[in-house]
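Okay, structure first, notes after.
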2 protein chains.
Amino acid sequence: MFDGDQGLLYYNASKMYLFGQSMQLKKYTDYGLRILMYLASFEADENCAEPKLATIREICDTFGLSANHVNKVVHHLGRLELIETRRGKNGGFLLAKKPEDISLAFVIRQLEGDEKWIECENPYCVALPACELKGIVARGKELFYDYLSQYSLKSLMVKAPQLRQIFSTAS
Amino acid sequence: MFDGDQGLLYYNASKMYLFGQSMQLKKYTDYGLRILMYLASFEADENCAEPKLATIREICDTFGLSANHVNKVVHHLGRLELIETRRGKNGGFLLAKKPEDISLAFVIRQLEGDEKWIECENPYCVALPACELKGIVARGKELFYDYLSQYSLKSLMVKAPQLRQIFSTAS
DNA sequence: TATAAAACGCATTATGAATGCATGTTTGAT
DNA sequence: ATCAAACATGCATTCATAATGCGTTTTATA
Ligand code: SF4
Ligand code: SF4
């Protein structure tokens, strides 16, 4: 009998055909958000006359990530003008905007990419001319982003001190 | 300069590092919906004293899909008790419920799998204890499904005659 | 000038969806 | 009884792409 469990296609007691991860944000996107949170948490610090620059190495040490992947995300964030990057010795990067001006919807849409959540044309689906589904899903996607647009990087800073402590103690 | 285009990480004129497909529903899920639409479109037909059974071969011919993948989806739909499958000669499958009783939210959630849209624990993210993001994304996901729950398979049948014609003429 | 940092490009790996294939099982028709 | 047509099952393989790794180049500063 079907037990309603998720992620389980075949029920055959011993041998279970396990299912994938459903739709999910890319790590790439989450890494970008972590970087922004990292920067914001320290900026929210007391009197920062000199906002210390963060470096890729720092991020990687803190979160245990691959330097190269982070490298790309940082570069991307820089091109989006969400952070300012500085090359050369003592370089690094810092927020280019105030946290309240960095919309989560924008960040996620940009880092994740903005493709349709359902692909109808490659390969071509014969139902396309009379299909209501694609429109429904597309509107659902937009609702998701509309919801996200209520939040900003500042919304992620409600526990800024705790975050700052975690970040500074994590190896 | 950053041109705001999607899917384009490196702008370097000639050599562009192209980006993936963002978050997307699996083909598996869409195939399931196509199958349901196929069944519903013919059920919506005139006086069907005998609701003709559809077969996997039929679906594959119509949509140009792999028999094996469809096989699995049909099986899954059967276990979800959305369709009734009949083995043996002259077998096939048909809707087990009325289209208006088949919620798109349910179908998509089940076929797609119901994992979190953001993975925080594997590997473990140090920010987790103080992170607001995961909750925001989780609520966004639920909003998406809440929205989908407004619709049923019947909602996809507003152009049933056109669908039926497409399906019966598509090789 | 040496060094530390990001920028850039490309190669490789890891993961999982998508697909292929072979066999088993059920059921109606002959 | 037998056959053939359909779904059920299990596993192997392919393919796409995210994720990662590595090396070089550029920039800035001490
Ligand atoms: S069924 Fe509708 S949504 Fe799915 S691929 Fe075909 S046209 Fe697109
Ligand atoms: S940053 Fe927040 S959402 Fe992203 S992985 Fe860490 S805990 Fe989860």
Side-chain angles (χ1 to χ4, degrees), chain A residues 2 7 9-32 35 53-60 64-79 83-94 111-113 115 119 122-123, chain B residues 2 7 9-32 35 53-60 64-79 83-94 111-113 115 119 122-123:
Chain A
F2 181 63
L9 183 46
Y10 293 122
Y11 47 96
N12 185 301
S14 53
K15 293 275 195 165
M16 303 191 272
Y17 188 95
L18 212 45
F19 223 4
Q21 310 292 25
S22 84
M23 190 165 54
Q24 229 177 12
L25 292 178
K26 290 183 285 193
K27 287 186 184 180
Y28 183 89
T29 303
D30 184 59
Y31 291 176
I35 293 167
L53 298 196
T55 68
I56 290 174
R57 167 178 303 275
E58 217 176 286
I59 300 283
C60 293
L65 302 179
S66 143
N68 235 275
H69 212 193
V70 172
N71 189 327
K72 283 167 189 160
V73 181
V74 165
H75 182 56
H76 198 167
L77 291 173
R79 291 187 57 226
I83 66 177
E84 180 190 330
T85 61
R86 297 204 189 134
R87 297 163 76 151
K89 190 161 186 177
N90 295 332
F93 42 89
L94 73 168
L111 295 187
E112 186 68 16
E115 309 300 318
E119 172 62 67
N122 199 353
Chain B
F2 181 62
L9 183 46
Y10 293 123
Y11 47 96
N12 185 299
S14 53
K15 294 271 195 165
M16 303 192 271
Y17 187 97
L18 213 42
F19 222 6
Q21 309 292 25
S22 85
M23 191 164 56
Q24 230 176 12
L25 293 178
K26 289 183 285 194
K27 288 186 182 179
Y28 183 88
T29 303
D30 184 59
Y31 290 177
I35 293 166
L53 298 195
T55 69
I56 290 173
R57 169 178 300 276
E58 218 176 286
I59 300 284
C60 293
L65 303 179
S66 142
N68 232 273
H69 213 193
V70 171
N71 189 330
K72 284 167 188 159
V73 181
V74 165
H75 180 57
H76 198 166
L77 291 174
R79 291 187 58 227
I83 65 177
E84 178 190 330
T85 61
R86 296 205 190 133
R87 295 163 77 152
K89 193 161 185 177
N90 295 332
F93 43 89
L94 74 168
L111 294 187
E112 186 67 16
E115 310 300 319
E119 172 62 66
N122 200 353

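Here is the naming used below: chain letters follow the sequence lines, and residue numbers restart at 1 for every chain. If you're wondering where the values come from, they're calculated on a predicted model, not measured in any experiment.
- When rounded to the nearest whole Å, the span between CD of B:Glu58 and P of D:dA5 equals 15 Å.
- Look at CD1 on A:Ile56: it is 4 Å from P on C:dA6, rounded to the nearest Å.
- Using a 4.0 Å heavy-atom cutoff across all strands shown, A:Arg86 reaches sugar-phosphate atoms only and no base atom.
- Considering only side-chain N and O atoms, B:His69 lies nowhere under 4.0 angstrom from the phosphate OP1 or OP2 of C:dG20.
- Of the side-chain N and O atoms in A:Asn90, none sit less than 4.0 angstrom from OP1 or OP2 of D:dA28.
- Rounded to whole Å, the distance from CG on B:Asn68 to P on D:dA8 is 12 Å.
- Between the side chain of A:Lys72 and the base of D:dT20 there is at least one donor-acceptor pair of N/O atoms closer than 3.5 Å.
- Rounded to whole Å, the distance from NZ on B:Lys26 to C1' on C:dA18 is 11 Å.
- Distance, B:Glu115 CD to C:dA17 C1': 15 Å, rounded to whole Å.
- Proximity of B:Thr85 to the phosphate of D:dA6: no side-chain N or O atom is located under 4.0 Å from OP1 or OP2.
- Taking atom CG of B:Leu111 as the reference point, atom C1' of C:dA18 lies 15 Å away to the nearest angstrom.
- Counting distance only, with no hydrogens placed and no angle test, the side-chain atoms of B:Arg87 and the base atoms of C:dT27 include no donor-acceptor pair under 3.5 Å.
- Between the side chain of B:Glu115 and the backbone N or O of A:Gln24, no donor-acceptor pair lies under 3.5 Å.
- At a threshold of 4.5 Å between non-hydrogen side-chain atoms, the residues A:Pro123 and B:Lys27 count as touching.
- In this model, the phosphate group of D:dG21 is approached by a side-chain N or O of A:Ser66 to a distance below 4.0 Å at OP1 or OP2.
- Protein atom CD1 of B:Ile59 is 14 Å distant from nucleotide atom C1' of D:dA6, rounded to whole Å.
- Note: NZ (A:Lys89) to C1' (C:dT1) measures 11 Å, nearest angstrom.
- For the pair B:Tyr31 and C:dA17, the criterion of a side-chain N or O lying under 4.0 Å from OP1 or OP2 is not met.
- Nearest heavy-atom pair across A:Met23 and B:Glu112 is N-OE2, 3.1 Å.
- In this structure, A:Tyr28 OH and B:Ser22 OG are separated by 13.5 Å, a value rounded to the nearest 0.5 Å.
- The minimum heavy-atom distance linking B:Ile35 with B:Val74 is given by the pair CD1-CG2, 3.9 Å.
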